[in-house]
Amino acid sequence: MRAEPMRRLGRVDRRSWLGRTRDALDTLVKSSPSRFAILIFASLILVTTLLLSLPIARAGERSSTPLADALFTAVSTICVTGLTTVDMATYWSPFGNAVIFIGMNVGGMGVLTLASILGLVISRRLGLRAKLMAASDTNPSRIHVGPVAERQAIRLGEVGGLLVTVAVSTLTIEAVIMLGMIPSVLAAGYDVGTSIWYSAYYSVSAFTNTGFAPNAAGPVEFFDDYWFQSLMMVDVFLGSLGFPVIFALARMWRTPRRWSVHVKLTLATTGILFVLGALAFLVLENDNPKTYGAFGLGHTVFEGFFMSVMTRSGGFSTIDMADLYPSSLLVSDMLMFVGGGSASTAGGIKVTTLAVLFLAAFAEARGAPSMEAFGRRIPRDMLRLAVSVVLWGATIVAVSTIILTQMTKAPLDFVLFDVISGFATCGLSTGLTESLPPEGKYVMAATMFMGRVGTVTLAAALAASQRRQLFKRPEERPIVG
């Protein structure tokens, strides 16, 4: 007689515990989606670190991976950076490679986006809160910049379609690129099973802009294979455009006049940087016998464009980055710091941030009252956001560079290159990262994490709330310049 009330009480307590947990998560999501995003990314990195620390994740000897290496690899995988402290081709077992393979896709698509896609598949619909979560992850540069209706570059009604585009475009592009790579890997002398695995790994690693390679030689093994390298360039380029751009192109590819300013700015700035970067490498490295000086003209031009794409966030290289001239390293630093498109698998401050800064400079030079592009006026709050992104990014890079330079006593240009590569989640390295002491690996891991979650997202998460001020102080203009 008394057992039934006790069972009912247990069910009530369990439901209340679940209810309290759900309410706490709901409050966190509604109060600060950016903090929720950081929490999810940090949790996934923790899980990946634990999995990679298991003896089964390491090839050969069944000893656990040191914590510094496991954490660094986990951060580099989930943040789709590509920097490594171990030999990715030989260090990990099939289990470890499977964890990394899945982690690259999850990190590239975005944890919240992936969760929203699963919810869409299960429930066939998205609620308002899920749409806000998805919009926050696919549009991180618009978090906490005004009212909800104004801070979403993509309307909530389109988020469901965007999520489908994310899943379909990711899987389709990766599958097509993988199929195109298989003949090249077979021609390199690998068996069918290995060729399929290497092709799938390269396809995922390139589209997510990670830069991990499954073979010991990396892309150098396919140095004379223009087809394979071209597929890698296309894969990296598509991944760095950003899912909102892919979404718009998929829906309105026949009507460019209907493209938004964001799409046009992303495509235009990406194209300009692609050409200017290739020209810079061709001019600066043309007489370097360790890099492009030993190639023919045709191969030199091709590799210049290949390097221009990869320094934007791809992370693959057919030459030793330590052999570049200091001037070329500086150009690489600039390209990596800019990165790719917003809401893409690429890192950096994003091409639209750079475009807004240049538009502001042009408007100021002309004496125009506002920024304009493609027949549209860009609000001034976008300039404040762009300046904040650049300032926070430069601060993170400067602090990490100072700390690592003091730790390693390595040349400044090498340290700066690897730090920017980590912050911009690029993955290129001069060889410094592999030789870092354990404390240096933790510093670089923190740099990669802050670069992936985004400077604006990080700043918004650390800020308690935006204060509403009901008065204006007297205006006074300081001297600038």
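Position 1 is the first residue of the sequence, and the numbers go up from there.
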Point to revise | Check against side-chain contact (heavy atoms from CB on, under 4.5 Å), T49 and L67 | key: CA-CA 8 Å; T49 300; L67 177 61; 4.1 Å; yes

Practice item. Apply side-chain contact (heavy atoms from CB on, under 4.5 Å) to V415 and T408, showing your working. Key: CA-CA 9 Å; V415 177; T408 63; 4.1 Å; yes

Check your understanding: Would T318 and E303 count as having a side-chain donor-acceptor pair, cut-off 3.5 Å?
Key -> yes

**Study point:** Donor on one side chain, acceptor on other, S400 and T447, under 3.5 Å
**Key:** yes

Review point. Do NZ/NE/NH1/NH2 and the carboxylate oxygens of D69 and K441 come within less than 4.0 Å?
Key: yes

Review point. Would F223 and F295 satisfy ring-ring contact (aromatic ring centres under 6.0 Å, His included), going step by step from the backbone distance to the final call?
Key: CA-CA 11 Å; F223 181 74; F295 307 157; 5.0 Å; yes

Which distance, rounded to the nearest 0.5 Å, do you find between the [atom1] of [X] and the [atom2] of [Y]?
X: E285; Y: S328; atom1: CD; atom2: OG; value: 3.0 Å
X: I420; Y: T311; atom1: CD1; atom2: OG1; value: 11.5 Å
X: L238; Y: I173; atom1: CG; atom2: CD1; value: 4.5 Å
X: F306; Y: I319; atom1: CZ; atom2: CD1; value: 10.0 Å
X: E174; Y: S169; atom1: CD; atom2: OG; value: 9.0 Å
X: F414; Y: L404; atom1: CZ; atom2: CG; value: 15.0 Å

Study note, to complete from the structure: Exactly one candidate in V419, I78, T81 meets side chain to side chain contact (heavy atoms under 4.5 Å, CB included) with M448; the answer is T81

Point to revise | Positive for side chain to side chain contact (heavy atoms under 4.5 Å, CB included) with L324, one of V331, T430, D413, T291 | key: T291

Nearest non-hydrogen partners of [X] and [Y], listed with the distance:
X: A410; Y: L432; result: CB-CD1, 3.7 Å
X: P289; Y: Y325; result: CD-OH, 4.3 Å
X: L428; Y: G315; result: CD2-O, 3.3 Å
X: S53; Y: A70; result: OG-CB, 3.4 Å
X: A386; Y: L357; result: CB-CD2, 4.0 Å

Are [X] and [Y] side-chain neighbours, meaning at least one heavy-atom pair lies under 4.5 Å?
X: F316; Y: V309; answer: no
X: L71; Y: I45; answer: yes
X: T352; Y: H262; answer: yes
X: T170; Y: T208; answer: no
X: T73; Y: Y91; answer: no
X: F228; Y: P219; answer: no
X: L329; Y: L416; answer: no
X: L51; Y: F95; answer: yes

Review point. What's the verdict on side-chain contact (heavy atoms from CB on, under 4.5 Å) for V80 and N209, showing C-alpha distance, side-chain angles and the deciding distance?
Key: CA-CA 6 Å; V80 290; N209 283 209; 5.7 Å; no

Does any N or O in the side chain of [X] come within less than 3.5 Å of the main-chain N or O of [Y], such that one atom is a donor and the other an acceptor?
X: S313; Y: G339; result: no
X: S64; Y: P55; result: no
X: S205; Y: F212; result: yes
X: T269; Y: T266; result: no
X: R58; Y: T65; result: no
X: T401; Y: V397; result: yes
X: K409; Y: M407; result: no
X: T433; Y: S429; result: no
X: S421; Y: F417; result: no
X: S203; Y: I177; result: no

Exercise for review: Dump the intermediate steps for side-chain hydrogen bond (donor to acceptor under 3.5 Å, both in side chains) on E434 and T85, then the final yes or no.
Suggested key: CA-CA 4 Å; E434 296 181 2; T85 57; over 6 Å; no

Check your understanding: Are the aromatic ring centres of F305 and F274 under 6.0 angstrom apart?
Key -> yes

Practice item. Evaluate the side-chain contact (heavy atoms from CB on, under 4.5 Å) criterion for residues V338 and T353: first the C-alpha distance (whole Å), next the side-chain angles of each, then the deciding distance (0.1 Å), finally the verdict. Key: CA-CA 8 Å; V338 174; T353 302; over 6 Å; no

Check your understanding: F337 and F423: ring-ring contact (aromatic ring centres under 6.0 Å, His included), yes or no, with the steps?
Key -> CA-CA 8 Å; F337 189 73; F423 165 78; 5.8 Å; yes

Exercise for review: Report the relative orientation of the aromatic rings in Y202 and F222; use parallel for angles under 30°, tilted for 30 to 60°, perpendicular for over 60°.
Suggested key: perpendicular

Point to revise | Geometric class of the F302/Y226 ring pair [parallel <30°, tilted 30-60°, perpendicular >60°] | key: perpendicular

Exercise for review: May I have the step-by-step check of ring-ring contact (aromatic ring centres under 6.0 Å, His included) for W197 and F101, ending in yes or no?
Suggested key: CA-CA 10 Å; W197 164 242; F101 184 82; 5.5 Å; yes

Residues 181-196, side-chain donor-acceptor partners within the protein, below 3.5 Å, at least two apart:
residue : atom : partner : partner atom : Å
S184    : OG   : D225    : OD2          : 2.9
Y190    : OH   : E221    : OE1          : 2.9
Y190    : OH   : E221    : OE2          : 2.8
D191    : OD1  : G193    : N            : 3.1
D191    : OD1  : T194    : N            : 2.8
D191    : OD1  : T194    : OG1          : 3.0
D191    : OD2  : T194    : OG1          : 3.1
S195    : OG   : Y190    : O            : 3.4
S195    : OG   : D191    : O            : 2.7

